[in-house]
Every structure is written in C-alpha cells, then in structure tokens.
Peer 1: 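Encoded as structure tokens, here's the structure I'll be asking about.
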Amino acid sequence: MSAVAFTGTSVMDVDAAKVRGAGSNVHFDKVSVAYGAHVVLHPLSLDIAPGEILAMIGPSGSGKTTALRAVAGFVRPASGRIRIGATDVTDLPPYERGLGMVVQNYALFPHMRVEDNVAFGLRAQGADKALVTERVKDALGTVGMSAYARRYPRELSGGQQQRVAIARALAVRPRVLLLDEPLSALDAQIRRNMVEEIARLHRSLPGLTILYVTHDQTEALTLADKIAIMRDGRVCSHGPTTELYRRPPNRFTAEFLGRANLLPVTIVEGVGSKGFATARHGDKMLTGAGRDEKTGAKSLLCIRPQHLSLTADSEHTNRIVGTLREVHWQGELTHLMLDVDGTPVRISATRLPMALPEPGATVPLFFTPADTSLVPEDAGV
Amino acid sequence: MLVWSRSGRLVLWVLFALLFGVLFLAPLAVILLSSLADQWNGVLPSGLTTEHYSEVVSGAAGSAVKASLITGFLASTLALVSGTWAALSLRLQGHALRRLLGLLFFIPSAVPSVSVGLGLLVAFSHPPLLLNGTVAIVMIAHFVLISAFTFGNVSAGLARLSPDFEQVASSLGARPAYRLWHVTLPLLAPYLVAAFGLSFALSMGELGATVMVYPPGWVTLPVSIFSLTDRGDIFAGAALTMILVAATLILLLGLERITARATGS
Ligand SMILES: Nc1ncnc2c1ncn2[C@@H]1O[C@H](COP(=O)(O)OP(=O)(O)O)[C@@H](O)[C@H]1O
Ligand SMILES: [Mg+2]
C-alpha cells in the first residue's frame, strides 16, 4: 500500500478519524434543493458505503451537480439532512466538511506552482511544514506527477492538470472525494487512460469513498461499484453496476446505461421457478429473464446489442426476424441497424459472417434467454 | 469590420495615423515645443531653450510633484482598499441591491468635478466637520472622484473570476479570510494593479475639485499649471505639463512591469 494510506481524515479532525476508522459513508436523507420555486432535486435518499465508488449519471440538467454540491456545502438543501460518517454536515460550512473536490475545469490556482497547489489544503488547515512536505510528495507520487512539482499549471497538459487536481484533493486525506465530470474536458484518448488511472488509484486507496458525477456511461460502468441514475431531479434507479446493467429496472435506465434494444412484448406465461417468463412479440414466442411479470402484462424485452447474433446455436433459443437497414463498420466493431416490426434494433458484433446480407434483406436474429431482461414500461412516459 | 485588400488596409492605416496624430500627438507636440520655446510668434518658435524647465524646477515644480504624488498615492490606495472591499462585499448581496449600490458609487463621476469640490467645501466648513484648508480635504476630493473606477475595475475582475477557485479552496479547508488572502486577492491582482494605476493617473491630472479645496502649501501639479497659464506664463505651464506627463508615464510603466512580473507573462 502506498504511503498515502487513507484513514479518511482531514488534518482537523484526527479524533473523529479514530472513531470512524477507514473511509466514511455519505448519507442523503430526503435531501431536496430548490432555486426559488424551481425544484431541482426532489427528496433524495441515498447511501454511499465507505470505500465505495458511486457514479451519479444522467442527462445534463438532471441535478447531478446539485446533489454533489449539496454534499460539498455550496448548495443549501431546502429540506433533509446530509451525513458524512457520524457527522451531520447539513449546517457545516464547506471548509469544515473534510472533503476533496475536483471540478470539470480543475480550477488549479494559476498563481501557484504544482507543489503549492497540492499543499494548499494542508497549509490552509495549519498543518506543520514537515507534514505538508511529506503529504505533497506522497500525493504527487500517487498520481505520477512528482517530476512536475515546480511547474505552473499553465505549463501542464489537460491530463496532467487533472492529475494535479486529484493530488490536491487527496493531500488533505479527505473523508470523501467528490468528482464532478472530471474527465469531460479531456479528449477521448486521454479520457480512456484517465478512467483506468482513477480505477488504479482507487485500488491503491480502497478506503476512499468517491462520489463520481458524469454523463458518460462508459466512465460509470468502468469505475463504479454502484450507479445512481438521475432524471429530472430524481434518482430513477440505483444499484450495483453490473446488476443495473443486466437487469435495468425501467426503460430510462436500460436506454441510458449502455444502449438497449427494447422489444415490446406481452407476457404469456409469468415467471417460473428458473426466473424466466414466456412473452409474445408479434407472432414470435420468446423467453426472457423476468421478475414478477404477470400473465397478460405489457413489458419490454431488453437485449443488449452485443448479445444478438446472426447465427443460430444451441444456446440461442430465441429467434426474431428483422430487415437490415444499415451497416456501420468501425474496425473493432461492426454495427448493424435493423427494423423488427417497427422497432429499431442494433447489433454490435466483433465477428460477422464473411458474406453479409445486403441492406433490405430479411435476416433472422438469435439470442439467449439468459442475456435478456424484462423491463417494465416507465410509468407516465 | 475587416478590410482585406492591400490598398484598403493602407487607407485605413493612414486614416488611423491622421486621427491619432491630430487628436493625441499634435496637442502634446505643441506643449512640448512651447515648453522649449524661446519666443513663439510665427508658425514655429524662434529659438529653443531649457530656461522654462530650470525656472519651474527652481520654483514650484518640486513641491507640486511631491504634492501630486503623495495625494495620488494616498487617495488611490484608499480607493483601492475601499473599492475592493465594496466590490467583495456587494458580491454577497442580492442582485438588485448590488446594482443599486454599484450605481451609487458612480454618481461622483457623473457630477462635474468642480461641483464635487464645491460640495465638499460646503459640507466640511463647519465644526465638527471642519476640514477646510487641510490636506485631508484634497485627499477626500480625489478619493470621491476615483473610487468609482477602482470599484468598477475590481467588480469587473470579480465577475470574471470562476467561482470554482474559491469553492475548491473552501472544500480543501480554507476559511474565508485565508481564502481571500491566498486565492481571491492573488487572482484579482491584475485588476487591482490596473485599478490602482488608473486612479493614480486620474488623481495626477485632477484639477476641477482640487482647485476648489486646496490649502496653501499643497499645490498639486495641475493647480500649478493652471495658475501659471492663468498668469499668462504659458511656457512655464507647458514645461510643468511635460513634467506631469513624464511623472505619470513613468508611474504607469512601473506598474505595468509589476503586473507583468506578478502574472508571469
Ligand atoms: N444557481 C442556480 N440557479 C437556478 N437554477 C439552477 C442553478 N444551478 C443549477 N440550476 C438548475 O438546476 C438544474 C440541475 O442542474 P445541475 O445540477 O447543474 O444538473 P447536471 O449537473 O445534472 O447537469 C438545472 O435545471 C439547472 O438549470
Ligand atoms: Mg453538472
């Protein structure tokens, strides 16, 4: 383990840390936020476990930043309480919350060298010189920026500034690290590397609780232990990442988290002992993984693009027929756009038969019941 | 509007040079020539001399430069501190109040400076506010006239400052005073220096209000120039004007160097 061992403390509350041990949980208790009459966060209850990475994702304007800033203390909740560890921080000013925050454009102090940026929090909290020196060295080492300590922020690339911003937040040993779209200012290539680096960082600091706000589902899927999907100021689903991806609880989640093909179906036979239900789409009978769907109910059968195949095999017991519309070759992946009785369906495949059918051709599609999930239609949509 | 053709650009440059030359350089050149003129009855002076300079330097110039620099420095410093303070505290107020108070700050610049001087003279002519005939009233007059500019400059700087810097500082544990001193003010520094330079220059050239309130023994450069020319001593007035111009230029250049070094560009 690196020298930056996370005890989840800020310099100021060493005593609290002894009680708390490693990492702090964050608890939203019916937190709502309004600007005037405009409610931007409806009562939100959510728990982030110590050491967990929670990704809050959702379209722009859905209230993600507002939720994060309520934790940081820059937005006052209209109602509800926020607890970090054992402390109710709702009425504490930001500088007493013991957090680390990284914002979209990093906000590195331009008049300070990298090392002074990283030392800022500790100095502000009155830490002694030796401790500052040691922690700055550790934090810069953790993000691989030791060689740049004497540089000014303007002398760094975007990715490097990003690392310094993270080091600056880590140096105070925050109880919780808040990241608001930390990678959105970077270009795609660097973004992919940074996602992996943040994952590595968290492996070396397993006690660190992270609230990661993003609109990018790839970042969320790669990094998060749990995901909360926001929509119009509400959490519309929340759960372990793989669970949410495999068994989306509603249409919005299925579409927002990885593209989903959603076939409208009617349940013919409710969920059996193995967890599968039989459903009808047009004249085709299909088997899908369900929850508690009732016979006769309308539902959506969610099939991920990578789970559809043009070739039959013993596992692929479900079969539908579609009309090929377009083929997009992307090197690594080939995307086929089809039309299945008026529902657009996408296939993403790494390997395809040598002779692809021409657009306009009718092609059979096969998939495995275990790869599907029955999703209820969203209420009121 | 962009002019691309070569001849078009040439015409534009000539126009610009003419305008600049006629409006800015010609008056300055005439003053410079007058300050060096022996006699000036024809189109050009009949001879050149440095006599006017030695005359004003041995006369009132020294004390006038001193009075102007001290007044400028103190009034600008005071305006900088209070303008910054006002801009910082108004930022925390609601939008409407901010607009209103911001406007109030600018009233003195809409009133003729002579009237500002007159107002101060009347207001401070009775005990307990008896300041007539003191240096303080000159400082106050200058302060009133220039503080709007410092306030305006600092407010503009604050408006451009992303709230992220201060919020990140807070979240890292910086209390408001620490944050102000180590983050907000350093980030505002270029605006503060610009505000200081501008108000210093304004103060150096201030005549209208100063002429109403100045006490004997505190004659600023513009007042000296005014009384010299009023007496018909045009050439000496011109020499003193050149000294004022030089002093202001040196000051502004010095400030520019400081800003350049502070922002590292
Ligand atoms: N200071 C503010 N005043 C008024 N409305 C705001 C303010 N900040 C955010 N909002 C509104 O709150 C909603 C949620 O914003 P935000 O939390 O920034 O969304 P996200 O981060 O998910 O894009 C938006 O509709 C936005 O217009
Ligand atoms: Mg946002």
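Lettering of chains follows the sequences in order, A, B, ..., and the numbering in each one begins at 1.
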Peer 1: Ignoring hydrogens, what is the shortest heavy-atom contact between B/Leu172 and A/Ala169? Give both atom names and the distance.
Peer 2: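 Closest approach of B/Leu172 to A/Ala169: CD2-CA, 4.0 Å.
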Peer 1: Between B/Tyr178 and chain A, with a heavy-atom cut-off of 4.5 Å, which part of the residue counts as in contact: side chain, backbone, both or neither?
Peer 2: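 Contact with chain A is through the side chain of B/Tyr178 alone.
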Peer 1: What pair of heavy atoms forms the shortest contact from A/Gln125 to B/Gly173, and how long is it?
Peer 2: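 In this case the closest contact between A/Gln125 and B/Gly173 is NE2-CA, 3.8 Å.
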Peer 1: Taking atom CZ of A/Arg69 and atom CD of B/Gln167, what is their separation to the nearest 0.5 Å?
Peer 2: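 Reported to 0.5 Å precision, the distance equals 4.5 Å.
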Peer 1: For the interface with chain B, which of A/Gly100, A/Ala165, A/Pro94 has the highest count of heavy-atom pairs at distances below 4.5 Å?
Peer 2: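 Max contact count across the listed options: A/Pro94.
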Peer 1: Nearest 0.5 Å, what's the CZ-OG distance between A/Phe74 and B/Ser170?
Peer 2: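 Rounded to the nearest 0.5 Å, the CZ-OG separation comes out at 5.0 Å.
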Peer 1: Heavy-atom pairs under 4.5 Å with chain A - which of B/Ser162, B/Pro163, B/Pro176 has more of them than the others?
Peer 2: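 Going by pairs under 4.5 Å, I would pick B/Pro176.
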Peer 1: Supply the atom-to-atom distance A/Tyr106 OH to B/Asp164 CG, rounded to the nearest 0.5 angstrom.
Peer 2: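 The CG atom of B/Asp164 is 12.0 Å from OH of A/Tyr106, to the nearest 0.5 Å.
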Peer 1: Can you say whether A/Leu108 sits under 4.5 Å from chain B via the side chain, the backbone, both, or neither, judging by heavy atoms?
Peer 2: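 The backbone, not the side chain.
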Peer 1: A/Ala107, A/Gly121, A/Ala72: which one forms the most heavy-atom pairs within less than 4.5 Å of chain B?
Peer 2: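 The answer is A/Ala107.
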Peer 1: Give a yes or no on whether B/Glu256 atom CD has more than 12 heavy-atom contacts from other residues, nucleotides or ligands under 6.0 Å away.
Peer 2: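 No, the 6.0 Å shell around CD holds no more than 12 heavy atoms from other groups.
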Peer 1: With chain B as the partner, which of A/Arg168, A/Met112, A/Gln104 has the greatest number of non-hydrogen pairs under 4.5 Å?
Peer 2: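 The answer is A/Arg168.
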Peer 1: Got B/Val183 and A/Phe120 here, is their nearest side-chain heavy-atom distance under 4.5 Å?
Peer 2: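 Side chain of B/Val183 against side chain of A/Phe120, heavy atoms only: contact under 4.5 Å found.
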Peer 1: If you take all heavy atoms of A/Glu96 and B/Arg175, which pair is closest and at what distance?
Peer 2: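 Scanning both residues completely, I find the closest heavy atoms to be OE2-NH2, 3.4 Å.
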